[in-house]
Amino acid sequence: MHAYRTHHCAQLRKDSVGQNVRLSGWVYRKRDFGNLLFIDLRDHYGISQIVVEKDSAAFPLAESLRSESVIRVDGKVNARADDAINPNLITGEIEVRATAIELLSEAADLPLPVFGNAEYPEEIRLRNRFLDLRREKLHANIVLRSNVIASLRRRMIDQGFTEFQTPILTASSPEGARDFLVPSRIHPGKFYALPQAPQMFKQLLMVAGFDRYFQIAPCFRDEDARADRSPGEFYQLDFEMSFVTQEDVFAAIEPVLYGVFEEFSGERDVTTPPFPRIAYKDSMLKYGNDKPDLRNPIEISDVTEIFRGGGFAVFAKAIEDGSVVRAIPAPGAGVRARSFFDGTNQWAKDEGFAGLGYINFKGGEGGGGIAKNLGPERVAQIVKQMGLGPDDGVFFSCGKPLEAAKLAGLARTRVGVELDLIEKNTFKFCWIVDFPMYEFDEVEQKVIFSHNPFSMPQGEMEALMTMNPLDILAYQYDIVCNGIELSSGAIRNHKPEIMYKAFELAGYDRSLVDEKFRGMINAFKFGAPPHGGSAPGVDRIVMLLADEPNIREVILFPMNQKAEDLMMGAPSEVSAKQLRELGIKFTNDGPKPQ
RNA sequence: GGGGUCGUAGCUCAAUUGGUUAGAGCACCGGACUGUCGAUCCGGAGGUUGCGGGUUCGACCCCCGUCGACCUCGCCA
């Protein structure tokens, strides 16, 4: 007989009755009747019930067992009596009558119970992650993650992509997020950087003629955490393709994403390809951001012209100063109590905005200060333009275009949630396309890249030469699912001359581009194919599929919000010897080892 | 760095809003029990109410400071 097991804990069925078997696992739950006791024995695969009777040699040990100890059980498979069958257990028709039990590893008092699905403080969970990972939900999430990654890989390979590994120790990049730096021992004073993304490498792979590359790529960025953004590191399904247009990229990845979501979504619906394409400009107007949650049916309207020169002086005056008015419909909310509207206004103020005006319609009659001051004619125009019903409400966000859009977007989400309008059990995908190539930085008072400097501007060189930079669009796109940005991608700029010109418009001269992007720009001088790609975030895909609002629920060993690994004790101090080898010395101004 | 929420037993939460010995469930220890699957029943142990100061006859509760966790803004080409 095998040293530890003949079967795993989800394997035995009625047809095994009578067999002598050996199982190993953790004591999940024990029910002790004095002269008879039950143990739910758990392993990765499932649970089997062990019965130990008074006359069994294993009884004294079984009585003393504590939860989460690891044991090996020898016994005989028994059919359960009809009234003792547990339909919630795969193995519920049988049980194993123990003849011998060996304690393989004893568990101390648990800081965190494995049984049950109560919630526990993040800190305790992270400190005892190995216990937390035994728990049903987290264990299942991690298995889901593995299955999703396996499926992504299989689907990419089926689409003709080839997986390559790109370097982890690489060069710091001048733009983008903060780098994680690794000091060089051989070159004191110099540093490697961990890749924020394998961006340049994947483009070089295209130049090298590999045509279709992908990688489940670890990416490192030294930025602060959020619920959907773990600090430090994350994984992307990074891919790149040669000789493609934007539509070719969409056509290649849509079936992969659709396939994976369809495979793991259970009862939930998934947008069928082709996913809707929404221009950045339209998304900002209709949804108030560039990552719309299309489960929310509310669409924002621009009603600036209706308020221009109207009787509601606050807005009319703001419009003269360059503000716009965006209207957010609240279907059926007109008959709600005044507190609904005032509460929403207060919420907007708490968020740091000037406020959120409203009209509440009751039987077609508009109520509130704005309706009164604006007059029935203009109110009727709003109703007509927005197609409002007789008992709808409508909120108004007034401000400079970006500010107004932002508040309108937040209000759209809030109203959608408050009125319970968000469609459930569905994954709604869309592409956001036609991002602007540049934007104006109010603080620095200069033109900057709004997204990715390596994107090809629409209209290429001619656009760069002739257009106002702020009007130039890029072949730059995001894929969004349920309001979560899964990835951004682009058709890349593969022509050195256009690259120099694009950087010039953002204030970088030729020598700086040569210096910072030497590897890539040099390669483009020796025959580069037109190419493009994207990089959907793996962690976020799993979050969506696992229906988890927090990214730590789908990561094996996540760090806390302060970027610490409480279990391993990272980051940690290093020895004086290590520092000496690296030529690193702390000064009084800098951080000191404590 | 700013804002918000929170911090009471190993864990999840109470404590009639400033009142006398800070309670309950889970976990732990002991006892009873032969069909449970959140077993049940009886008993026990377990607390500097995050920490420091203040107000008060009296503070888990109010005030000030501080530490920590999470959420969020900044940041994330």
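Since we're looking at a predicted model, the values are computed, not measured.
Summarising the base pairing, B:rA69 is matched to B:rU5 through a Watson-Crick or G-U wobble pair whose two defining distances lie under 3.5 Å. B:rC29 and B:rG43 make up a base pair, with Watson-Crick or G-U wobble contacts both under 3.5 Å.
Side chain of A:K202 to backbone of A:F239: a donor-acceptor contact under 3.5 angstrom is found.
Taking atom C1' in both B:rU20 and B:rC61, the straight-line distance is 16 Å, to the nearest Å. The P atoms of B:rC62 and B:rU72 are separated by 27 Å, rounded to the nearest whole Å. Comparing the C1' positions of B:rC51 and B:rC33 gives a spacing of 47 Å, expressed to the nearest Å. Remark: the separation of the C1' atoms in B:rC11 and B:rC28 is 12 Å, to the nearest Å. B:rC60 and B:rA22: their P atoms are spaced 10 Å apart (whole Å).
Taking the centre of each ring, A:F503 and A:F517 come in below the 6.0 Å mark. With ring centers used as reference points, A:Y28 lies under 6.0 Å from A:F115.
Within the 4.0 angstrom heavy-atom criterion, no nucleotide atom of any strand lies near A:I448. As judged by a 4.0 angstrom heavy-atom cut-off over every strand, A:Y120 is placed among residues touching the sugar-phosphate backbone only. Residue A:A84 is in base contact, counting any heavy-atom pair closer than 4.0 Å across all strands shown. Contacts of A:P113 with the nucleic acid, taken as non-hydrogen atoms under 4.0 Å apart, are absent. Among the atoms of the strands shown, only primed sugar atoms or phosphate atoms (P, OP1, OP2) are found under 4.0 Å from some heavy atom of A:K562. Using a 4.0 Å heavy-atom distance criterion, A:R66 is classed as a sugar-phosphate-only contact. Among the atoms of the strands shown, base atoms are found under 4.0 Å from some heavy atom of A:R80. Backbone-only engagement by A:E122 is indicated by non-hydrogen atom pairs under 4.0 Å involving sugar-phosphate atoms exclusively. Contact annotation for A:N88: no contact, since no heavy-atom pair falls under 4.0 Å across all strands. Here A:E564 lies in heavy-atom contact (under 4.0 Å) with sugar-phosphate atoms only. Residue contacts for A:D109: at a heavy-atom cut-off of 4.0 Å it reaches the sugar-phosphate backbone alone, with no base atom in range. Nucleic acid contact for A:D83: none, since no nucleic acid atom lies under 4.0 Å from a heavy atom of the residue.
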Dump the intermediate steps for salt bridge (Lys or Arg N to Asp or Glu O under 4.0 Å) on A:E504 and A:R510, then the final yes or no.
CA-CA 7 Å; A:E504 186 189 313; A:R510 201 178 175 100; over 6 Å; no

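Protein atom CG of A:L410 is 12 Å distant from nucleotide atom C1' of B:rU72, rounded to whole Å. In this entry the distance linking CG of A:D32 with P of B:rA39 reads 12 Å, nearest Å. Taking atom CD1 on A:I39 and atom P on B:rA39, their separation rounds to 13 Å, with Å as the unit. If you take CD of A:E439 and P of B:rC76, they are 10 Å apart, rounded to a whole angstrom. Between the CG atom of A:L131 and the P atom of B:rG10 there is a distance of 17 Å, rounded to whole Å. Computed from coordinates, the A:L36 CG to B:rA32 C1' distance equals 15 Å when rounded to whole Å. Taking atom CZ of residue A:R125 and atom C1' of nucleotide B:rG10, one finds them 17 Å apart after rounding to whole Å. If you measure from atom CG of A:D132 to atom P of B:rG10, you get 20 Å, rounded to the nearest angstrom.
A:F38 qualifies as a stacking partner of the B:rU36 base, centre to centre under 5.5 Å and near-parallel within 30°.
An OP1 or OP2 oxygen of B:rA27 is reached within less than 4.0 angstrom by a side-chain nitrogen or oxygen of A:R29. Between A:R552 and B:rC71 there is a side-chain N or O to OP1 or OP2 distance below 4.0 Å. Distances shown here put a side-chain N or O of A:R31 below 4.0 Å from the OP1 or OP2 atom of B:rA39. In this structure, A:N35 reaches the B:rU34 phosphate: one of its side-chain N or O atoms is under 4.0 Å from OP1 or OP2. For A:Q49, no side-chain nitrogen or oxygen approaches OP1 or OP2 of B:rU36 to under 4.0 Å. A close approach under 4.0 Å does not occur between any side-chain nitrogen or oxygen of A:N128 and OP1 or OP2 of B:rG10.
Counting atom types as modelled, A:E123 pairs no side-chain N or O with a base atom of B:rG7 as donor and acceptor under 3.5 Å.
Classification of the A:F435-A:Y280 ring pair by plane angle, with boundaries at 30° and 60°, yields tilted.
Residue whose closest nucleotide on RNA chain B sits further toward the 5' end, between A:S67 and A:E223: A:S67. Comparing A:K54 and A:D228 by the nucleotide of RNA chain B that holds the closest heavy atom to each, the one mapping nearer the 5' end is A:K54.
In this entry the base of B:rU17 is syn relative to its sugar, with a glycosidic angle within 90° of 0.
Salt-bridge formation is detected for the pair A:E460/A:K495: a Lys NZ or Arg NE/NH1/NH2 atom is positioned less than 4.0 Å from an Asp or Glu carboxylate oxygen. Salt bridge status for A:R134 with A:E68: present, with a side-chain N to carboxylate O gap under 4.0 Å.
Picking from B:rA69, B:rU34, B:rU72 the nucleotide with the shortest atom distance to the side chain of A:A227 gives B:rU72. Ranking B:rC11, B:rC70, B:rG35 by closeness to the A:E95 side chain, first place goes to B:rG35.
Under a cutoff of 6.0 Å and an axis angle of 45°, A:R129 and A:F557 do not form a cation-pi pair.
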